[in-house]
Amino acid sequence: MAKEATGVDAPFDRRVYAMVARIPHGQLATYGQIAELIGAWGCARQVGWALRRLHLPSEVPWHRVVNAQGRIAMSPGREGSDWMQRELLMAEGIPVAVDGRLPLARHRWHPPLALLMAVASSAACEPSCTKG
DNA sequence: CCCCTGACCCTAA
DNA sequence: GTTAGGGCCAGGG
């Protein structure tokens, strides 16, 4: 492992997957929230790229990540992903409208304080999403 | 090396 | 409440 060049093994992608895996069952997080939690403030698009690189089916609960507007983001090249995401979310008790809108405020994930402090301490030294 | 696009976010109208 | 525009970083042609 330790291949920085290949996408899936990149450290940034790993952090994204590890943080997404921390999202509890039945709760939601936004791309910007994940980016901020891994110390990459403002790199929400890169989180989306990392999830796009993910090979499906995956153990990572990628369906719990939505955009800040509370809608399911459409992924290019994967027509069925939005439908799959909707099915997975409804299976966890989250109602999803046909247009992709969902109650983000009611199911938003509140990270533990310990995690937030760890992010704050690491973010001071870590640059951002730029590979180091 | 320049240009364009992308599973986004924020602000303004 | 919604839609439109600009900005953000990274990858591919």
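Convention: sequence-line order gives letters A, B, ...; per-chain numbering from 1.
With B:dG6, B:dC9, B:dA7 as the candidates, the nucleotide lying closest to the side chain of A:Q46 is B:dG6. Residue A:R71 has its side chain nearest to C:dT3 when only B:dC10, C:dC9, C:dT3 are considered. Candidate nucleotides C:dG11, B:dA7, B:dC8 were compared by shortest atom distance to the side chain of A:A44, and B:dC8 ranks first. Closest to the side chain of A:W49, from the set C:dC9, B:dC9, B:dG6, is B:dG6.
In this entry the distance linking CZ of A:R52 with C1' of C:dC9 reads 15 Å, nearest Å. Rounding to whole angstrom units, CZ of residue A:F12 and P of C:dC9 are separated by 12 Å. Between the C1' atom of C:dG7 and the CZ atom of A:R45 lies a distance of 10 Å, rounded to the nearest Å. Going from atom CG of A:D99 over to atom C1' of C:dG1 covers 13 Å, rounded to whole Å. If you measure from atom CG of A:L102 to atom C1' of B:dA7, you get 14 Å, rounded to the nearest angstrom. For the pair A:N67 CG and C:dT3 P, the computed distance is 13 Å after rounding to whole Å. Counting to the nearest Å, the P atom of C:dA10 and the CG atom of A:D13 are 12 Å from each other. In this structure, OH of A:Y17 is placed 14 Å from P of B:dA7, rounded to the nearest angstrom.
For A:E92, the salt bridge (Lys or Arg N to Asp or Glu O under 4.0 Å) criterion is met by A:R64, not counting sequence neighbours.
A heavy-atom distance below 4.5 Å is not found between the side chains of A:Y17 and A:E59. Taking the side chain as every heavy atom from C-beta outward, A:H107 and A:I94 approach each other to under 4.5 Å. Taking 4.5 Å as the limit, some side-chain heavy atom of A:L28 sits within range of a side-chain heavy atom of A:L89. Contact annotation: the side chain of A:Y31 never approaches that of A:R45 to less than 4.5 Å [non-hydrogen atoms, C-beta and beyond]. Proximity of A:V65 to A:T30: side-chain heavy atoms (C-beta onward) are nowhere separated by under 4.5 Å. In this structure, A:L116 and A:L37 have side chains that are in contact, with non-hydrogen atoms separated by less than 4.5 Å.
Between A:R101 and C:dG1, a side-chain N or O to OP1/OP2 separation shorter than 4.0 Å is absent.
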Can you check nucleotides 11-13 of chain B for protein contacts, nitrogen or oxygen pairs under 3.5 Å, and list what you find?
none

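Residue A:G32 is classed as a sugar-phosphate contact, given heavy-atom separations below 4.0 Å to backbone atoms only.
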